[in-house]
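Remarks on the structure that follows.
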Amino acid sequence: MADNTPSPRFDVKDALKFMDEVKKDFGASSQEYEAFIEILKGFREQTIGSNEVVTRVSALFHGHPSLIEGFNLFVPIGQVGGSPHRHTNQGAA
């Protein structure tokens, strides 16, 4: 039976809260935080696609399950590779 529950909506406050979590885990001036910002910029400028964003962020957040969980909230199921895909720490380098 299909789940017709609407997907949650996130606003700017949710995104900023998540950015604060990333900053807290890595440090605002860390290479990891800067790499995350560059990934987001690349996506916004359409120089990288959603699959590449997911690949890069999954590798970057490896070992940080709460960040991966938070990132998953912003990636709609089915958007990545056309399948219901969620990212985990498993198999990330």
Side-chain angles (χ1 to χ4, degrees):
M1 180 174 225
D3 182 4
N4 292 328
T5 306
S7 60
R9 297 275 183 209
F10 299 99
D11 61 18
V12 172
K13 284 193 269 186
D14 295 317
L16 292 175
K17 182 179 175 188
F18 179 67
M19 293 298 294
D20 284 343
E21 290 176 34
V22 174
K23 198 182 295 185
K24 186 179 95 181
D25 276 20
F26 289 125
S29 61
S30 71
Q31 288 181 334
E32 293 88 353
Y33 182 73
E34 291 299 320
F36 181 62
I37 296 299
E38 289 302 311
I39 292 167
L40 296 178
K41 284 180 186 177
F43 182 71
R44 185 186 72 222
E45 295 167 357
Q46 299 181 349
T47 58
I48 61 174
S50 59
N51 286 340
E52 186 63 21
V53 169
V54 168
T55 298
R56 290 181 187 187
V57 170
S58 293
L60 187 64
F61 288 177
H62 179 71
H64 298 267
S66 65
L67 293 181
I68 289 179
E69 184 178 318
F71 179 68
N72 282 338
L73 296 175
F74 295 96
V75 180
I77 293 176
Q79 177 178 331
V80 180
S83 64
H85 182 66
R86 284 292 186 217
H87 319 291
T88 67
N89 274 326
Q90 297 172 349

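Residue pairs satisfying the salt bridge (Lys or Arg N to Asp or Glu O under 4.0 Å) criterion with at least one member in residues 49-66, sequence neighbours excluded, are listed as follows: Glu52-Arg56.
Contact detail for Ile39 and Val57: the closest heavy-atom pair is CG2-CG2, 3.9 Å.
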List the atom pairs, with distances to 0.1 Å, where a side-chain N or O of residues 18-33 and a protein N or O form a donor-acceptor pair under 3.5 Å, not counting sequence neighbours.
{"unit_1": "Ser30", "atom_1": "OG", "unit_2": "Phe26", "atom_2": "O", "d": "3.1"}
{"unit_1": "Ser30", "atom_1": "OG", "unit_2": "Gly27", "atom_2": "O", "d": "2.9"}
{"unit_1": "Ser30", "atom_1": "OG", "unit_2": "Tyr33", "atom_2": "N", "d": "3.1"}

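Atom-to-atom distance recorded for Ile68:CD1 and Leu73:CG is 12.5 Å, nearest 0.5 angstrom.
Atom CD of Gln46 is surrounded by 12 or fewer heavy atoms from other residues, nucleotides or ligands within 6.0 Å.
Applying the salt bridge (Lys or Arg N to Asp or Glu O under 4.0 Å) test to Glu34 and every residue at least two apart in sequence or in another chain returns nothing.
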